[in-house]
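In what follows, a single structure is set out as C-alpha cells and then discussed.
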Amino acid sequence: QVKLVESGGGSVQAGGSLRLSCAASGRTISNYNMAWFRQAPGKEREFVAAIARRGTTTYYADSVKGRFTISRNNAKNTGYLQMNSLKPEDTAVYYCAARVNVGLGVRQHEYDYWGQGTQVTVSS
C-alpha cells in the first residue's frame, strides 16, 4: 500500500504561484507513475498532469500546459506540481495519485492510490 499526502495548497492572487508536494510512504514511489488531478466545486475531477517513474516523460492537460510543471524526487519519495500564472479557474482541490501499471493514465480509474487533497484558491 502507498499512502499519499498532499501539501502546499493555499490562497493566492491571479498571476501568482504555488508549489504542491505529494509525500509518499509505505512503498517507494519509483515503482509508480504519478499524477495530479483537481476537482472544482460542482465539477467532476479532472486530469492535470502525469509523470513517469523516472521522471523522463510528462503529460499535461491543455488547460495547464506551459503554466504547470510536474516533477518528482524519488530519493525523497515525493512528487511536486509547480503552478505558475495561476488563474481563478484553477481554483480546486488538488489530488495526488499513483499508478502501478505502465503508462501515463489520464482517467481516475487508471490510478490505484490517492491522497486526501489540498485546496488551491485563486482570487481575481
Side-chain angles (χ1 to χ4, degrees):
Q1 295 290 330
V2 175
K3 181 179 179 181
L4 303 173
V5 179
E6 302 93 337
S7 62
S11 297
V12 65
Q13 289 192 328
S17 298
L18 284 173
R19 188 194 196 201
L20 305 183
S21 296
C22 174
S25 61
R27 297 278 179 89
T28 175
I29 63 166
S30 60
N31 294 326
Y32 302 86
N33 292 320
M34 298 182 73
W36 290 90
F37 287 74
R38 67 186 182 186
Q39 187 167 18
K43 295 187 177 181
E44 293 189 355
R45 194 173 298 186
E46 64 175 4
F47 170 79
V48 175
I51 186 167
R53 288 170 172 77
R54 298 182 181 180
T56 52
T57 304
T58 58
Y59 184 72
Y60 297 90
D62 287 342
S63 59
V64 305
K65 200 173 296 182
R67 300 188 298 121
F68 290 11
T69 301
I70 189 171
S71 63
R72 62 193 296 161
N73 185 328
N74 288 341
K76 294 185 177 181
N77 236 28
T78 303
Y80 305 97
L81 184 68
Q82 177 67 43
M83 305 186 295
N84 298 330
S85 302
L86 282 161
K87 304 175 181 180
E89 51 262 44
D90 294 318
T91 295
V93 177
Y94 282 71
Y95 297 90
C96 174
R99 165 185 167 93
V100 174
N101 289 339
V102 174
L104 299 182
V106 300
R107 297 177 179 82
Q108 294 184 59
H109 73 268
E110 296 176 296
Y111 286 83
D112 305 290
Y113 303 100
W114 291 84
Q116 298 281 9
T118 185
Q119 176 71 47
V120 171
T121 302
V122 184
S123 58
S124 57

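In this text the structure is predicted, and so the values were computed from the model without any measurement.
The two residues Ile29 and Met34 make their nearest non-hydrogen contact at CD1-SD, 3.6 Å. The two atoms that bring Leu20 and Tyr94 nearest to each other are CD1-CB, 3.5 Å, heavy atoms only. Taking each heavy atom of Ala98 and Tyr32 in turn, the nearest pair found is CB-CB, 4.1 Å. Nearest heavy-atom pair across Cys22 and Trp36 is CB-CZ2, 3.7 Å. When all heavy atoms of Ser85 and Arg67 are compared, the closest pair comes out as O-NH1, 3.0 Å. Of all non-hydrogen atoms in Ser123 and Pro88, the two that sit nearest each other are C-CG, 4.5 Å.
Using a distance-only test at 3.5 Å, with no hydrogens or angles considered, no donor-acceptor pair links the side chain of Arg72 to the main chain of Gly55. A donor-acceptor pair is defined here as one N or O able to donate and one able to accept, closer than 3.5 Å; no such pair exists between the side chain of Asn84 and the backbone of Ser17. Under a 3.5 Å cut-off, the side chain of Asn77 and the backbone N or O of Arg27 do form a donor-acceptor pair. The backbone N or O of Val5 lies less than 3.5 Å from no partner atom in the side chain of Gln116, so there is not a single donor-acceptor pair. Checking side-chain atoms of Asn74 against main-chain N and O of Thr28 turns up no donor-acceptor pair under 3.5 Å. Arg19 places no side-chain N or O within 3.5 Å of a backbone atom of Gln82 that could act as its donor or acceptor partner. Thr78 contributes no side-chain N or O that, together with a main-chain N or O of Ala23, makes up a donor-acceptor pair within less than 3.5 Å. Side chain of Asn33 to backbone of Leu104: no donor-acceptor contact under 3.5 angstrom is found. With Tyr60 contributing its side chain and Ile70 its backbone, the two residues share a donor-acceptor pair below 3.5 Å.
We find the CD-OG distance between Gln119 and Ser11 to be 7.5 Å, quoted to the nearest 0.5 Å.
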Inset, instruction - Apply the test side-chain contact (heavy atoms from CB on, under 4.5 Å) to residues Asp90 and Met83: give CA-CA distance (whole Å), side-chain angles for both, the deciding distance (0.1 Å), then the verdict. - result: CA-CA 9 Å; Asp90 294 318; Met83 305 186 295; over 6 Å; no

Inset, instruction - Check step by step if side-chain contact (heavy atoms from CB on, under 4.5 Å) holds for Arg45 and Trp114. - result: CA-CA 12 Å; Arg45 194 173 298 186; Trp114 291 84; 3.4 Å; yes

Legend entry - Stepwise side-chain contact (heavy atoms from CB on, under 4.5 Å) check, Tyr113 with Val100: CA-CA 9 Å; Tyr113 303 100; Val100 174; 4.3 Å; yes

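Under the 4.5 Å side-chain heavy-atom criterion for grouping Ile, Leu, Val, Met, Phe, Trp and Tyr, Leu81 is connected to Val12 within one hydrophobic cluster. Tracing side-chain contacts under 4.5 Å through hydrophobic residues (I, L, V, M, F, W, Y), one reaches Val122 starting from Val64; they form part of the same cluster. A single hydrophobic cluster is not seen to contain both Leu18 and Tyr95; linkage of ILVMFWY side chains at heavy-atom distances under 4.5 Å, directly or through other members, places them apart. Placement of Ile51 and Val106 in two distinct hydrophobic clusters is found when ILVMFWY residues are connected by side-chain heavy-atom separations under 4.5 Å, directly or transitively.
Between Tyr111 and Phe37, the ring-plane angle classifies as perpendicular under the 30° and 60° cut-offs.
Look at Lys65 and Asp62 and you find a salt bridge, because one of the NZ, NE, NH1 or NH2 atoms lies within 4.0 Å of a carboxylate O, short of that distance.
Here the rule is side-chain contact (heavy atoms from CB on, under 4.5 Å) with Ser63, and of Glu89, Lys87, Arg38 only Arg38 fits it.
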